[in-house]
Number of protein chains: 2
Amino acid sequence: MPAVEPKRDTQTLKALLGVRDLVLGGGVGAGERLSEIALAQTLGVSRTPLRAALSRLEQEGLLELIPSGGYAVRSFTTADVFDAIELRGVLEGTAARLAAERGVPPARLAQMKRLLAELDNTFRDRLEDMLFDRYVELNAEFHAALAALAGSETMRREVERATHLPFASPSAFLEGQEDVPAFRQSLIFAQRQHRDIVSAIEMREGARAEALAREHARLARHNLDFVMGQDRSLMRRVPGLALVSE
Amino acid sequence: MPAVEPKRDTQTLKALLGVRDLVLGGGVGAGERLSEIALAQTLGVSRTPLRAALSRLEQEGLLELIPSGGYAVRSFTTADVFDAIELRGVLEGTAARLAAERGVPPARLAQMKRLLAELDNTFRDRLEDMLFDRYVELNAEFHAALAALAGSETMRREVERATHLPFASPSAFLEGQEDVPAFRQSLIFAQRQHRDIVSAIEMREGARAEALAREHARLARHNLDFVMGQDRSLMRRVPGLALVSE
DNA sequence: AGGATACACACTGTATACAATAAATGTCAA
DNA sequence: TTGACATTTATTGTATACAGTGTGTATCCT
């Protein structure tokens, strides 16, 4: 998802979501060229909105321009994925630090705490019973709210952009793994980090807020390591992971 | 400039550069809507490549989508400008830190040192005689090389993107101010910081490299403060500064 | 048989025409 | 005189046609 999703655009949005799903779903391999007319037919849109979507996905980092013209699916190294996660952590950390240093309006802080409480409510006594989808949804909301906490539109835009970099999403390695116990346990830890980040911001502890947010992003890296090292059968279930070469 | 500038595109590139110059040059005011047909006529291109350029500039952060359709020039607050500079510092700092932590191939390091030497060569005994344009050019090269030093394409792309955020460019507040003595003096300080960053990377001092790069970006903020506070007549000479409201 | 050149095909980049929607203006009524 | 509604205008989003260019293949020459 890009920083700001166009709403009413039916055709362009259709193309955007369609191509993204196709690429992340493994419909086209890494490095493969995308034929515009073929894609247009497949997705049921004309070339014009399709090209708009392709251009967008290129700036998003999912596609690359071919020197001779046209677009191809980017191929990623593990370093790319690690760095995308690192970037998200760094940017969210910066947003958290600035929020702490500058202070946030009480209403905003209350909203963050409400999100924390709602996240708590997704947990159950038995870990298997937790409301996983609801957690993923609220988690995305939390991170979006965090991006806006520093105050400026530019900061919000760019932090949210980093959040939607390929493989860097807070829920990138969550979906499709609800039934792995280790993942569910890591969510308890993640929620504790959420609380600590908000607490640090409230207490104006900028450096701590930054460090916590950075470390929080590292959870995604741990999950990635687990998926790629421990159990390669999981790789098929993580969207787009087939695009990672090594 | 976007992260990767399309080369052979004559019409789209023409539109991209044309609109950017028009907006940054003050041809259209902040918040003003951009009429596609009027722009197309002005720039001598058709609407198709123009729309591609507008979409690009929207993701660059210079324009914004109007809910009812079309694009408008974004209006910026001083907070936006500050945060854009801060973001560049943070991202360049991250690139520098990762480069230090991971180590850089000797050839790359040698290239950085060569750039440092060339930057040195732009200075003269009398500060007024320095090769200002050459310095700006080499400075841009230095920052581009720094972005690539961490190793991954994703990191390079995103750092370079931050470098081209509105008002965040390393040379944003340099051009058009060659004749202000205080600015020339600050360049001596900046070049010292360049050396220290490379040195820190070479000695694998990640935290120091990050801190130095962050502080280095602050020079732009100092320059901004100077331009806006001290001498408002300079504001007219800095591209796009008319888009900043307060 | 291998390589180079030429031709044909396919695909992208661009222009323009069309349709749908939002904005603006004018008129009618209260 | 002001407000609301309808009509007209303008502008964007979309589709398609065209042209230029790169790529692949086949044939011919060495």
Side-chain angles (χ1 to χ4, degrees), chain A residues 1-23 27-60 62-74, chain B residues 1-23 27-60 62-74:
Chain A
M1 261 172 282
V4 52
E5 198 84 48
K7 290 156 243 306
R8 83 210 127 36
D9 274 352
T10 44
Q11 294 303 82
T12 299
L13 188 60
K14 188 176 173 184
L16 190 67
L17 299 177
V19 176
R20 200 187 290 145
D21 284 357
L22 206 63
V23 172
V28 285
E32 198 170 320
R33 183 177 192 151
L34 295 174
S35 167
E36 293 182 3
I37 44 274
L39 262 185
Q41 279 186 336
T42 303
L43 300 174
V45 295
S46 131
R47 278 184 60 214
T48 305
L50 173 64
R51 282 176 64 83
L54 292 177
S55 165
R56 227 193 156 91
L57 290 170
E58 186 262 330
Q59 283 149 340
E60 223 172 274
L62 197 63
L63 307 180
E64 64 184 358
L65 277 135
I66 298 176
S68 66
Y71 297 91
V73 179
R74 252 184 86 188
Chain B
M1 260 174 281
V4 52
E5 197 83 50
K7 292 157 240 305
R8 80 208 131 36
D9 274 351
T10 43
Q11 295 303 84
T12 299
L13 189 60
K14 188 177 174 182
L16 189 67
L17 299 177
V19 176
R20 199 186 290 146
D21 284 357
L22 205 63
V23 172
V28 284
E32 198 170 322
R33 184 177 192 153
L34 295 173
S35 167
E36 293 182 3
I37 46 277
L39 262 186
Q41 281 186 334
T42 304
L43 301 174
V45 294
S46 129
R47 277 184 61 213
T48 305
L50 173 64
R51 281 175 66 85
L54 292 176
S55 164
R56 225 194 157 91
L57 290 170
E58 187 263 331
Q59 283 148 340
E60 222 173 276
L62 197 63
L63 307 180
E64 63 185 359
L65 278 136
I66 299 176
S68 67
Y71 297 91
V73 178
R74 252 185 86 189

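In what follows, chains carry the letters A, B, and so on, assigned in the order in which the sequence lines appear, proteins first and then strands, with residues in each chain numbered from 1. Only heavy atoms go into these numbers, but all of them, side chains included; no hydrogens, no water, no symmetry mates.
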* Asked: Under the 3.5 angstrom rule, does the side chain of S55(B) hit a backbone N or O of R51(B) as a donor-acceptor pair?
  -> no
* Asked: Are any non-hydrogen side-chain atoms of V23(B) and L57(B) less than 4.5 angstrom apart?
  -> no
Over how many whole Å does the gap from [X] atom [atom1] to [N] atom [atom2] extend?
X      : N       : atom1 : atom2 : answer
R51(B) : dA17(C) : CZ    : C1'   : 15 Å
L65(A) : dG22(D) : CG    : C1'   : 16 Å
K14(A) : dT14(D) : NZ    : P     : 11 Å
L43(B) : dT14(C) : CG    : C1'   : 15 Å
L34(B) : dT12(D) : CG    : P     : 9 Å
L13(B) : dT14(C) : CG    : C1'   : 15 Å
L54(B) : dT11(D) : CG    : C1'   : 13 Å
L50(A) : dT14(D) : CG    : P     : 12 Å

* To do: Please tell me which of Y71(A) and R47(B) maps to the more 5' nucleotide of DNA chain C, matching each residue to the nucleotide holding its nearest heavy atom.
  => Y71(A)
Where is the tightest heavy-atom contact between [X] and [Y], given as atom of each residue plus distance?
X      : Y      : answer
L63(B) : V73(B) : CD2-CA, 4.0 Å
R20(A) : L62(A) : CG-CD2, 4.0 Å
Y71(A) : I66(A) : O-CD1, 3.7 Å

To the side chain of [X], which of [options] is closest?
X      : options                   : value
T48(B) : dT16(C), dT12(C), dT11(D) : dT16(C)
R33(B) : dT12(D), dT16(C), dT14(D) : dT12(D)
S68(A) : dT14(D), dT14(C), dT23(D) : dT23(D)
Q11(B) : dT12(C), dT12(D), dT14(C) : dT14(C)
S46(A) : dA15(D), dA15(C), dT12(C) : dA15(D)

